[in-house]
Participant: 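First the structure, which I've put down as structure tokens, then a few questions once you've had a look.
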Protein chains: 2
Amino acid sequence: MVTLAEVARHAGVSASTVSYVLSGKRSISAATRERVEQSIRELGYHPNAGARALASSKSNIIALMMPLRTDMYMPVMMEIALAVATTARAHDHDVLLLTGEEGPAAVRRVVGSGLADAMILMDVELDDARLPLLRESERPAVLIGIPADPGGLTCVDLDFTATGALCVEHLAELGHRDIAVVGEAAAVYERHTGFAERTRDGLRARAAELGVRLLHRPCEGSYAAMAGTLSRILDERPDTTAFIVQNEAVIDPLLSLLRQLGKAVPEDVSVVAICPDQVAVQASVRLTSVAIPAHEMGRRAVELVMAKARGEKDDLLDLLPPRLTVRASSGPAPVPR
Amino acid sequence: MVTLAEVARHAGVSASTVSYVLSGKRSISAATRERVEQSIRELGYHPNAGARALASSKSNIIALMMPLRTDMYMPVMMEIALAVATTARAHDHDVLLLTGEEGPAAVRRVVGSGLADAMILMDVELDDARLPLLRESERPAVLIGIPADPGGLTCVDLDFTATGALCVEHLAELGHRDIAVVGEAAAVYERHTGFAERTRDGLRARAAELGVRLLHRPCEGSYAAMAGTLSRILDERPDTTAFIVQNEAVIDPLLSLLRQLGKAVPEDVSVVAICPDQVAVQASVRLTSVAIPAHEMGRRAVELVMAKARGEKDDLLDLLPPRLTVRASSGPAPVPR
DNA sequence: CAGGGTTATCGAAGCGCTTCAACTGGAAGG
DNA sequence: CCTTCCAGTTGAAGCGCTTCGATAACCCTG
């Protein structure tokens, strides 16, 4: 491996000069810079990451902690992760992928060893065991999701409360008075992952305000589960004219089942989904939906954590406003027969 | 941060002794070991990753290069990534997440800087620009997928040729003589990602051997695309009695469309999918399928790359044999009217 | 009990980089 | 013309760890 010292010799300057050319932390004459850069290119020099980390006590690595579960919608997680990785590169950082498996120990390990300069946590639960450690660690950290007590921490998330409200509003405006919500799997609520509960709260609050009847049911991610949930919903509320779906896995099944029941979308029932745009446009009916801005969330998380590392940002709650796109699956409530 | 020197002082031994306790590379008396370990615990010591990497020229990091595309089935990628991460931890390594974005430059950077000890590449194309670099880098590397020339490289993958063959065999045994294959999006074939083409080859070869008529059509991942593809298939081959699907995204749409056409599964048409088991059991009909062993692939990739790092393994092609699980979507070919 | 082999420990020399204090030569200012 | 200043450069001191060779204490064997 080529070292900085060899580059220095090749360029006829001292090691520190090469270092300053690389970091730009001191002024270097154009001629010298050019010569050094030339040597770097010729020798194919790459700074040694370990040496750099040791000398500067900065690793230029961001740790990203992902959930290990499979009951969450993976594509969203994946898209966030990829957005984090590409945005991090734009800031000259790399991403270390941690799974939730190790739990709080992973935080301790990464922070203690100086492996990463900063952390981004996904799938944060309301009362997350990793948070106390994070608070006392003094490392920049950003959560994707919102815990019960976000004090002292920076969080990014879609404003799910507003998302719920927005869905209800849209349908209420179209005249729907009986709305059913197909939620995430029961386990997601039991685990107290905030987003599902916040969505439900937003839905309920708005529904109450607008005088809309709301039925909220969790649903596992399979066709069979959707079939069961649907028949129970229609049993309890035969006058349901609209569905709001928050479990991406059952969107197709729901549309398929409605078709089998002879219910046309949107003429007989309207459907609004909370899902990535891609899913919404690939369904059998182009779905009116509130997008989950996965890419944006990942990007923001990195921007925020970098800003914190530079000491620029205070702790804050970065709630992305939901945007509802009207497509072909929602329409005026049918006239009651 | 607590350093090794402080631990040494606290335990009343030299720094090197602490180091040897940690690494186990020299024998240490039980009494000393105990004392050192006690000090480590009391002080909450964590070895500094950078210093370690510098001194030992091993970072204990595996780089995982993922595709950035969204036309591949993300959950499989994600599951592989998670399996890689957890298996790596079991070998006391961490995972650095790279996206394909940087292309070959990422290989150069990571190898050159000593950031990672080893690499795992996903989504390898037949003629992948990263491979020459990898070969000359002398770092242990494992590909998930198989390039045109795997010489000098270790590869892990599902045996997609055998997978294709297996699907055809199963259906042929059931008496099907006209089989349609719904493949990946056209872009996947054009990019020459080997797996899609290998599957097709396996399908065709076996079909020819068994005297089965095969129609192979690529298909984008949307309901509308599936509808178009299906009608074209049935136009060209009205006698089609079985479908093999390799694009997870259109499994639900296909089943839904068949239902609409009044074709019962498996009485009128059989369906075999190539997809993760989870997808197969969550569909409206429990699908006969060949599983994509994502977790196993990720795990194997790490095991192999670790073995290479220890100098234990030669280059090889680790083809996982496909396993077909018969569920409710395949049955005897209907008697021609 | 001398000689050889183990076992347990230590000291010191780096690993390749960053960064600080110090130095130099020339431009600017009085 | 001498001081002051600053841009440009350097040498040297670490950063916290691993590892090699040396040492000392011990146990065996003949």
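Letters A, B, ... are given to chains in the order of the sequence lines, protein chains preceding strands, and every chain is numbered from 1. Any value given below was found using the heavy atoms of this structure, including those in side chains, with hydrogens, waters and symmetry copies removed.
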Participant: Starting from P on dT18(C), measure out to CG on L22(A) and report it in whole angstrom.
Facilitator: 6 Å
Participant: Considering only NZ, NE, NH1 and NH2 on the basic side and carboxylate oxygens on the acidic side, decide whether E296(B) and R299(B) come within less than 4.0 Å.
Facilitator: yes
Participant: Side chains of D159(B) and L320(B): closer than 4.5 Å at any heavy-atom pair?
Facilitator: no
Participant: Could you pick out which residue, S23(B) or L54(B), lies toward the 5' side of DNA chain D when each is mapped onto its nearest nucleotide?
Facilitator: L54(B)
Participant: Would a 4.5 Å heavy-atom cut-off, applied to side chains only, mark L319(B) and I146(B) as touching?
Facilitator: yes
Participant: Taking the minimum atom-to-atom distance to the side chain of S19(A), which one of dA8(C), dT18(D), dT18(C) wins?
Facilitator: dT18(C)
Participant: Classify the nucleic acid contact of S27(B) as base, sugar-phosphate or nothing, counting any heavy atom under 4.0 Å across all strands shown.
Facilitator: base
Participant: What integer distance in Å separates R9(B):CZ from dT9(C):C1'?
Facilitator: 18 Å
Participant: Which whole-number value in Å describes the distance from I28(B) CD1 to dT6(C) P?
Facilitator: 18 Å
Participant: Grab the NZ-P distance between K58(B) and dG16(D) for me, whole Å please.
Facilitator: 21 Å
Participant: Heavy atoms only, 4.0 Å cut-off, all strands: where does T3(B) land among base, sugar-phosphate and nothing?
Facilitator: sugar-phosphate
Participant: Hey, does S57(A) reach any base, or is it just sugar-phosphate, or nothing, if we go heavy atoms under 4.0 Å?
Facilitator: nothing
Participant: Where each residue is assigned the nucleotide of DNA chain C containing its nearest heavy atom, which of R26(B) and A55(B) is assigned the position nearer the 5′ end?
Facilitator: R26(B)
Participant: Are OP1 or OP2 of dT10(D) and a side-chain N or O of S14(A) less than 4.0 angstrom apart?
Facilitator: yes
Participant: Please evaluate the base of dG8(D) for a donor-acceptor partner in the side chain of S29(A) within a cut-off of under 3.5 Å?
Facilitator: no
Participant: Between N60(A) (CG) and dT18(C) (P), how many Å, whole number?
Facilitator: 10 Å
Participant: Looking at K25(A), does any N or O in its side chain come under 4.0 Å of the phosphate oxygens OP1/OP2 on dT19(C)?
Facilitator: yes
Participant: What's the CG-P distance between L43(B) and dG16(D), to the nearest Å?
Facilitator: 15 Å
Participant: Return no unless some side-chain N or O of S16(A) is found under 4.0 Å from OP1 or OP2 of dG11(D).
Facilitator: no
Participant: Can you check the L115(B) CG to dG16(C) P distance for me, whole Å?
Facilitator: 16 Å
Participant: Nearest 0.5 Å, please: how far is CG in L131(A) from CG in L126(A)?
Facilitator: 10.0 Å
Participant: Check this one for me: any side-chain N or O of T17(A) less than 4.0 Å away from OP1 or OP2 of dT10(D)?
Facilitator: yes
Participant: Would you say dC20(D) has OP1 or OP2 under 4.0 Å from some side-chain N or O of Y20(B)?
Facilitator: no
Participant: Roughly how many Å is it from CZ in R52(B) to P in dG16(C), rounded to a whole number?
Facilitator: 19 Å
Participant: Going by atom types alone, do R35(B) and Q38(B) pair a side-chain donor with an acceptor below 3.5 Å?
Facilitator: no
